[in-house]
Amino acid sequence: MTPTHFAFSSTFLLGLAGLAFHRTHLLSALLCLEGMMLSLFIALSMWTLQLNATNFSASPMLLLAFSACEASAGLALLVATARTHGTDRLQNLNLLQC
């Protein structure tokens, strides 16, 4: 395993661990998701550069576009949650209650 592969794998796993174990605020969960997406973007970009394949050159940009859409949807949910519940704590949210 090369050091760059280890760095991107550990970055993704740290984001996943933060998402799994540190779920107190919605903003921290969104930041963990964004870190995971950025590590995937950089890893996919490096993979495309190492292969010298022009077929996959649009894949990192497509992933970045989906990441931006995910971030905007997450921030919209964060604003809506903060307005209706007054906080972004995930423990105060109840999915069974409308």
Side-chain angles (χ1 to χ4, degrees):
M1 180 182 294
T2 62
T4 55
H5 185 260
F6 177 73
F8 296 131
S9 298
S10 63
T11 304
F12 182 80
L13 289 176
L14 280 174
L16 188 64
L19 186 64
F21 298 126
H22 189 65
R23 292 183 292 169
T24 56
H25 293 281
L26 183 59
L27 184 61
S28 64
L30 289 175
L31 284 174
C32 289
L33 280 175
E34 194 65 29
M36 289 169 56
M37 290 298 284
L38 285 176
S39 69
L40 284 177
F41 169 72
I42 293 172
L44 191 60
S45 299
M46 294 296 289
W47 179 65
T48 305
L49 286 175
Q50 286 177 353
L51 286 181
N52 289 330
T54 58
N55 299 345
F56 300 116
S57 62
S59 297
M61 288 299 150
L62 188 65
L63 183 70
L64 194 62
F66 283 135
S67 176
C69 292
E70 175 256 332
S72 66
L75 286 176
L77 284 173
L78 177 70
V79 168
T81 303
R83 285 184 180 172
T84 57
H85 296 286
T87 184
D88 69 333
R89 290 185 58 88
L90 291 176
Q91 292 165 352
N92 292 344
L93 301 177
N94 189 359
L95 293 178
L96 299 176
Q97 199 178 37
C98 289

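Fair warning: this is a prediction, and the values are worked out from it, not measured in the lab.
- Separating the CG atom in L13 from the CZ atom in F6 is a distance of 9.0 Å, to the nearest 0.5 Å.
- Taking CZ of F21 as the reference point, atom SG of C32 lies at 11.5 Å (rounded to 0.5 Å).
- The CG atom of L27 sits 11.5 Å away from the OG1 atom of T81 when rounded to the nearest 0.5 Å.
- L38 and F12 are assigned to two separate hydrophobic clusters, defined by single-linkage of ILVMFWY side chains at heavy-atom distances under 4.5 Å.
- Side-chain heavy atoms closer than 4.5 Å link hydrophobic residues (I, L, V, M, F, W, Y) into clusters, and following such links, possibly through other members, connects L51 to F8.
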Identify each donor-acceptor pair in which a side-chain atom of residues 66-76 lies under 3.5 Å from a protein atom, sequence neighbours left out, and give them as a table.
from	atom 1	to	atom 2	distance (Å)
S67	OG	E34	OE2	3.2
S72	OG	A68	O	3.4
S72	OG	C69	O	2.9

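- The two residues L63 and M37 make their nearest non-hydrogen contact at CD1-CE, 3.7 Å.
- Evaluation of the ring-ring contact (aromatic ring centres under 6.0 Å, His included) test over residues 29-55, restricted to residues two or more places apart or in two chains, returns W47-F56.
- Here L19 contributes atom CG and L31 contributes atom CG; the two are 11.0 Å apart, rounded to the nearest 0.5 Å.
- Residues in residues 1-16 take part in these side chain to side chain donor-acceptor pair (under 3.5 Å) pairs, two or more places apart or across chains: T2-T4.
- The distance from the CG atom of L44 to the CG atom of L49 is 10.0 Å, given to the nearest 0.5 Å.
- For the residue pair L78 and L30, the shortest heavy atom distance occurs at CB-CD1, 4.3 Å.
- Taken to the nearest 0.5 Å, the CZ atom of R89 stands 10.0 Å off from the OG atom of S28.
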